[in-house]
Amino acid sequence: VGDPFFFQDALGEFKFAAQSGGGLSAWTGASRAARLLYYDGFDRSQIEDAVLSARAAVRIVEEEEIDLDLLEILPSRVHAEASFDLYRAARQSEDEETAANAAAETQIALEKCIATRPETTWAWLQLAGLLEWENKSPEARDTLRNALSLLPNDPALHTEHARLSRAIG
């Protein structure tokens, strides 16, 4: 993935900036750096830290009423990515309570992404994937159907909808 020393240094700098009032970009950077460190060694504390930093970024957006159209990357996307990684880690370690909480948190974050930028295929596909992992395939198919009503020419949505529809029967 990359140099873990670089990511550790970046995490330290982002956290210092965030805790010194650096705001949204600092918390978002801290979350992403912690995720990259997690993938270097799969230390679950790193992904938990990534979720906490992403929550802080989302809180800033909500409290300060930041214009999301000005942001290239939505804090809710960073939150969804981190909480989904925590969900996967918890499932792998058979920590059902954490997995359930992380799944719910991921779903909320993805729904925020969709509400803010419904034209973003990624969020629709991720939400459908999460629902399928949670054994909610009919809901996942409905999510994709809703996405296709907004993005009727998106080939990835069509492919996933067809795959899921065949799997459901």
Review point. Do Gln46 and Gln8 pass the side chain to side chain contact (heavy atoms under 4.5 Å, CB included) test, and can you show the C-alpha distance, the side-chain angles, and the key distance before you say yes or no?
Key: CA-CA 10 Å; Gln46 295 293 348; Gln8 185 65 52; 4.2 Å; yes
Flag side-chain contact, heavy atom, 4.5 Å: Leu127 against Ile114:
yes
Are Arg44 and Asp95 close enough for a salt bridge, meaning some N to O gap below 4.0 Å? yes
Is the closest side-chain heavy-atom distance between Asp9 and Phe14 below 4.5 Å?
-> no
Can you confirm whether Leu36 sits close enough to Asp40 that some side-chain heavy atom of one is under 4.5 Å from a side-chain heavy atom of the other?
no
When you compare the side chains of Glu134 and Tyr87, does any donor N or O come within less than 3.5 Å of an acceptor on the partner? yes
Gln92, CD atom: more than 12 neighbouring heavy atoms under 6.0 Å:
no
**Message:** Parallel, tilted or perpendicular, judged at 30° and 60°: which one describes the rings of Tyr38 and Phe42?
**Reply:** perpendicular
Exercise for the section: Flag the pair Tyr39 / Phe7 as yes when at least one side-chain heavy-atom distance between them is below 4.5 Å, and no otherwise. Expected result: no
*asked:* Any heavy-atom pair between the side chains of Leu131 and Ser137 that's under 4.5 Å?
replied: no
Ion pair present between Arg145 and Glu139, side-chain N to carboxylate O less than 4.0 angstrom?
-> no
> Within the distance-only criterion (no hydrogens, no angle test), does the side chain of Trp27 pair as donor or acceptor with the backbone N or O of Leu52 below 3.5 angstrom?
Replying inline: no
_Heavy-atom donor-acceptor pair, His79 side chain to Ser53 backbone, under 3.5 Å_ = no
Original post:
Salt bridge or not for Arg91 and Glu96, using N-O below 4.0 Å?
Top reply: no
Query raised in the report: Between Lys15 and Asp49, is there a salt bridge with N-O shorter than 4.0 Å?
Result: yes
*Under a 4.0 Å N-O cut-off, is there an ion pair linking Glu132 with Lys136?*
no
Within a strict 4.5 Å, meaning less than it, do heavy atoms of the Trp124 and Leu151 side chains meet? yes
- prompt: Does a side-chain N-to-carboxylate-O contact under 4.0 Å join Glu160 and Arg141?
  reply: no
- Sub-3.5 Å donor-acceptor pair from the side chain of Arg117 to the main-chain atoms of Leu68, do we have one? yes
Margin query: Quick one: does any side-chain atom of Ser31 pair with a main-chain N or O of Thr28 as donor and acceptor, under 3.5 Å?
Written below: no
